[in-house]
Each structure stands twice: as C-alpha cells, then as structure tokens.
Amino acid sequence: MEQKWPQEIWVVRHGQSAGNVARDLAEAAAGHRIDIAERDVDVPLSDLGERQSDALGAWFASLPAAQRPTVVLHSPYVRAAETANFVMRHLDRDGLCVREDERLREKEFGVLDRLTTHGIAHDFPDLYEQRHHVGKFYFRPPGGESWCDVILRLRSVMDTIEREFAGERVLIVAHQVTVNCFRYLFEHLTEAQILEFDRNGDVPNCSVTSYEFDPEAGKRGDLALRLVNFVAPLEETGTPVTVAKDVASAPNA
C-alpha cells in the first residue's frame with residue numbers, strides 16, 4: 001500500500017526572540033504590558049536565539065546525508081523564518097523544498113496581545129476569569145484564537161503534507177502553541193493529555209519533537225513519536241536552553 005506520510009517529520013520551535021526577553025522582564029517586574037514596539041509577526045530572534053538556531057542547524061548537518069530534511073516549512077513570523085534560515089545555512093540547498101506557510105503562525109491573542117498575566121487580570125478581569133473557567137483549549141479571546149482554532153488550520157497543513165510530501169523528510173519551524181497542537185494531532189491526543197504536557201513545562205526554544213513513519217501502525221501506517229522537546233543540539237555546544245513563552249501570552253490554566 002502506498003505510503004501517505006513523510007518518512008520523518010521534525011517540529012521545531014523558533015529560537016529565543018527579542019519578545020521572549022521583553023516578556024520575561026515585564027513579568028519579573030509585575031508589569032502590565034510587554035515593552036516591544038514591533039508587531040508579533042515582526043519580532044526577530046535575540047542574539048542568543050541566533051546562537052540556538054545555528055547550533056540546531058549544525059545538529060541537522062551532522063546527520064547522515066540520507067537522514068537530513070528534504071522539505072522545510074516555516075511560519076512567516078520573522079523569528080521562525082530566521083530560525084529556518086540559520087538551519088538551512090548548514091544544509092545543501094540543492095533539491096531542498098522551502099515554503100513559508102501562514103497556517104504555521106503562532107496562536108493569535110487578539111485583545112490580550114502584549115499583556116502580561118498581571119495586565120490581563122487588571123485590564124480584562126472578566127476575560128481572565130472566563131479563561132480560567134473555560135481553559136486555554138477552548139477559550140478564544142476577542143479578536144484571537146483558541147487552541148482549537150489553531151488545530152483547525154493545522155489539519156489543513158497535515159492534508160498538504162500528506163498530499164505533497166509523502167516519503168520526504170519534513171522540517172517544520174513554528175511556535176510553542178503550534179508545536180503542542182501538532183502533537184495533539186500527530187499523537188491522537190485528548191484535551192486533557194495535551195494540556196497536561198503543557199502544564200509540565202513550556203516548549204524550549206529550538207527544541208525538536210520528531211516523528212518517523214511506522215508502516216506497521218494502523219491500517220496504512222502512521223507516525224511514531226521519536227523525540228520530545230529534544231535540546232541536545234544546544235546542550236552539546238554549550239548553548240543556553242530557554243523556555244520563555246512568546247510575547248502575546250495568556251496566563252496558564
């Protein structure tokens with residue numbers, strides 16, 4: 001039976017961004033708003049984020065040639081595109097399929113954009129309470145998205161991957177919520193399971209979660225989990241590992 005999935009998929013969160021740094025500073029100071037001027041889409045990598053992305057690229061280059069990515073899909077957000085570009089500097093670009101895909105963007109936070117936990121509670125106490133009652137999986141802030149909304153657009157990404165990249169080795173560079181939502185889809189998880197993973201810790205910057213095609217799984221074969229939040233590429237080079245949330249972040253449930 002014809003294989004429908006890529007041979008391997010790596011899902012990577014972008015390197016540390018300037019927004020991650022600004023958010024940490026604002027939260028530490030119990031501020032209400034994150035001090036960053038750019039649109040979320042335009043926030044670049046920090047200096048450390050560039051080092052992390054370069055270390056990740058070196059790790060991919062260290063794989064045998066037959067095991068390196070043949071397809072790179074990345075979010076159009078600057079920090080994700082820059083991470084993908086750092087990785088690709090280490091790869092042979094001949095024959096490498098590269099696509100920017102807006103469906104891989106981070107969750108949109110609407111009116112909660114650039115607010116800290118303290119800021120959300122102060123400016124939108126009703127939304128703060130509603131979100132804690134409903135939970136992040138279903139809660140949609142005005143003008144923003146729930147995790148379910150992100151999952152819906154990623155289902156169409158999966159359709160594209162199945163249709164166009166069966167048998168390929170696909171690297172996806174995206175964002176924290178995107179990584180978690182891909183896990184929900186690829187691993188056939190429930191709301192409770194993916195939120196438990198989320199509560200256990202944020203997705204580290206430039207960490208790798210990977211899947212390999214298993215022809216014995218299911219009726220036509222399926223993806224089998226191989227790595228989860230793998231940060232050895234950074235640790236092996238002495239590059240600091242960071243786990244800060246993205247700028248437009250709501251409080252944890």
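- In this structure, CG in L104 is found 9.0 Å from NE2 in H74, a value given to the nearest 0.5 Å.
- A distance of 11.5 Å separates NE2 in H90 from CZ in R68, rounded to the nearest 0.5 Å.
- Side chains of L45 and S53 form a contact here, defined as non-hydrogen atoms less than 4.5 Å apart.
- Taking each heavy atom of S75 and H175 in turn, the nearest pair found is OG-NE2, 2.8 Å.
- Around the CD atom of Q193, the shell of radius 6.0 Å holds more than 12 heavy atoms that belong to other residues, nucleotides or ligands.
- Considering all non-hydrogen atoms of both residues, A80 and A174 come closest at CB-O, 4.3 Å.
- In this structure, D149 contributes its side chain and S146 its backbone to a donor-acceptor pair below 3.5 Å.
- For Y184, the ring-ring contact (aromatic ring centres under 6.0 Å, His included) criterion is met by F137, not counting sequence neighbours.
- Here T237 pairs with A55, T239 under the side-chain contact (heavy atoms from CB on, under 4.5 Å) rule; sequence neighbours left out.
- Linking ILVMFWY side-chain heavy atoms closer than 4.5 Å, directly or via other members, places W5 and F165 in a single hydrophobic cluster.
- Taking CD of Q176 as the start and CG of D202 as the end, the distance is 4.0 Å to the nearest 0.5 Å.
- Side chains of D159 and S156: a donor-acceptor N/O pair is absent below 3.5 angstrom, by distance only.
- Using a distance-only test at 3.5 Å, with no hydrogens or angles considered, no donor-acceptor pair links the side chain of K4 to the main chain of E162.
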Show the numbers, then the answer: is there a side chain to side chain contact (heavy atoms under 4.5 Å, CB included) between F124 and R131? CA-CA 11 Å; F124 299 101; R131 185 198 177 278; over 6 Å; no
Going through the checks in order, is the salt bridge (Lys or Arg N to Asp or Glu O under 4.0 Å) test met by E102 and R105? CA-CA 6 Å; E102 79 288 341; R105 69 189 184 276; 5.8 Å; no
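- Taking all atoms of both residues into account, the shortest heavy-atom contact from E168 to P6 is O-CB, 3.2 Å.
- Classification of E108 and R153 as a salt-bridged pair fails, no side-chain N sitting under 4.0 Å from a carboxylate O.
- Using a 4.0 Å cut-off between a side-chain N of Lys or Arg and a carboxylate O of Asp or Glu, D40 and R79 qualify as a salt bridge.
- Of the charged side-chain nitrogens involved, at least one lies within less than 4.0 Å of a carboxylate oxygen, so that R103 and D101 count as a salt-bridged pair.
- With hydrophobic clusters built from ILVMFWY side chains whose heavy atoms lie under 4.5 angstrom apart, I9 shares a cluster with V150.
- W10 belongs to a hydrophobic cluster whose remaining members, ordered by chain and number, are V12, L56, W59, F60, L63, V72, V87, M88, L91, L96, V98, L171, V173, V208, L227, F230; membership requires side-chain heavy atoms of ILVMFWY residues under 4.5 Å apart, directly or through intermediates.
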Quick one: do T209 and F182 satisfy side chain to side chain contact (heavy atoms under 4.5 Å, CB included)? Show the steps, please. CA-CA 10 Å; T209 296; F182 267 127; over 6 Å; no
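- Rounding to the nearest 0.5 angstrom, the gap separating the CG atom in D222 from the CD atom in E187 is 10.5 Å.
- V228 and V243 fall into different hydrophobic clusters, defined by Ile, Leu, Val, Met, Phe, Trp and Tyr side-chain heavy atoms under 4.5 Å apart, directly or through other members.
- With N205 contributing its side chain and H14 its backbone, the two residues share a donor-acceptor pair below 3.5 Å.
- When all heavy atoms of A18 and V43 are compared, the pair lying nearest together is N-CG1, 4.1 Å.
- Atom CZ of R155 is separated from atom SG of C181 by 10.0 Å, given to the nearest 0.5 angstrom.
- In the hydrophobic cluster analysis, where Ile, Leu, Val, Met, Phe, Trp and Tyr join through side-chain heavy atoms closer than 4.5 angstrom, I172 is grouped apart from V78.
- Residue V41 belongs to a hydrophobic cluster whose other members are Y77, with links defined by side-chain heavy atoms closer than 4.5 Å.
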Go through the steps for E164 and V71 under the test side chain to side chain contact (heavy atoms under 4.5 Å, CB included), then give the verdict. CA-CA 10 Å; E164 300 186 22; V71 177; over 6 Å; no
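- Within the structure, ring-ring contact (aromatic ring centres under 6.0 Å, His included) pairs that include any residue of residues 195-223 comprise F186-Y211 (at least two apart or interchain).
- Across all non-hydrogen atoms, the minimal contact from S46 to Q16 is OG-OE1, 2.6 Å.
- Taking the salt bridge (Lys or Arg N to Asp or Glu O under 4.0 Å) definition, one finds that R51 meets it with nothing, sequence neighbours left out.
- Checked against side-chain contact (heavy atoms from CB on, under 4.5 Å), A224 has the following partners two or more places apart in sequence or in another chain: D214, R226.
- In this structure, V231 shares a hydrophobic cluster with L234, V241, the cluster being traced through Ile, Leu, Val, Met, Phe, Trp and Tyr side chains under 4.5 angstrom apart.
- Annotation: salt bridge (Lys or Arg N to Asp or Glu O under 4.0 Å) contacts of E191 (sequence neighbours excluded): none.
- For E236, there are no salt bridge (Lys or Arg N to Asp or Glu O under 4.0 Å) partners at least two apart in sequence or on another chain.
- A donor-acceptor contact shorter than 3.5 Å is absent between the side chain of D113 and the backbone of F109.
- In terms of hydrophobic clustering, with Ile, Leu, Val, Met, Phe, Trp and Tyr side chains grouped at heavy-atom distances under 4.5 Å, V11 and L152 are assigned to different clusters.
- Taking E82 as the reference, nothing meets the salt bridge (Lys or Arg N to Asp or Glu O under 4.0 Å) condition, with sequence neighbours excluded.
- For N85, there are no side chain to side chain donor-acceptor pair (under 3.5 Å) partners at least two apart in sequence or on another chain.
- Expressed to the nearest 0.5 Å, how far CG of L225 lies from CD of E212 amounts to 11.0 Å.
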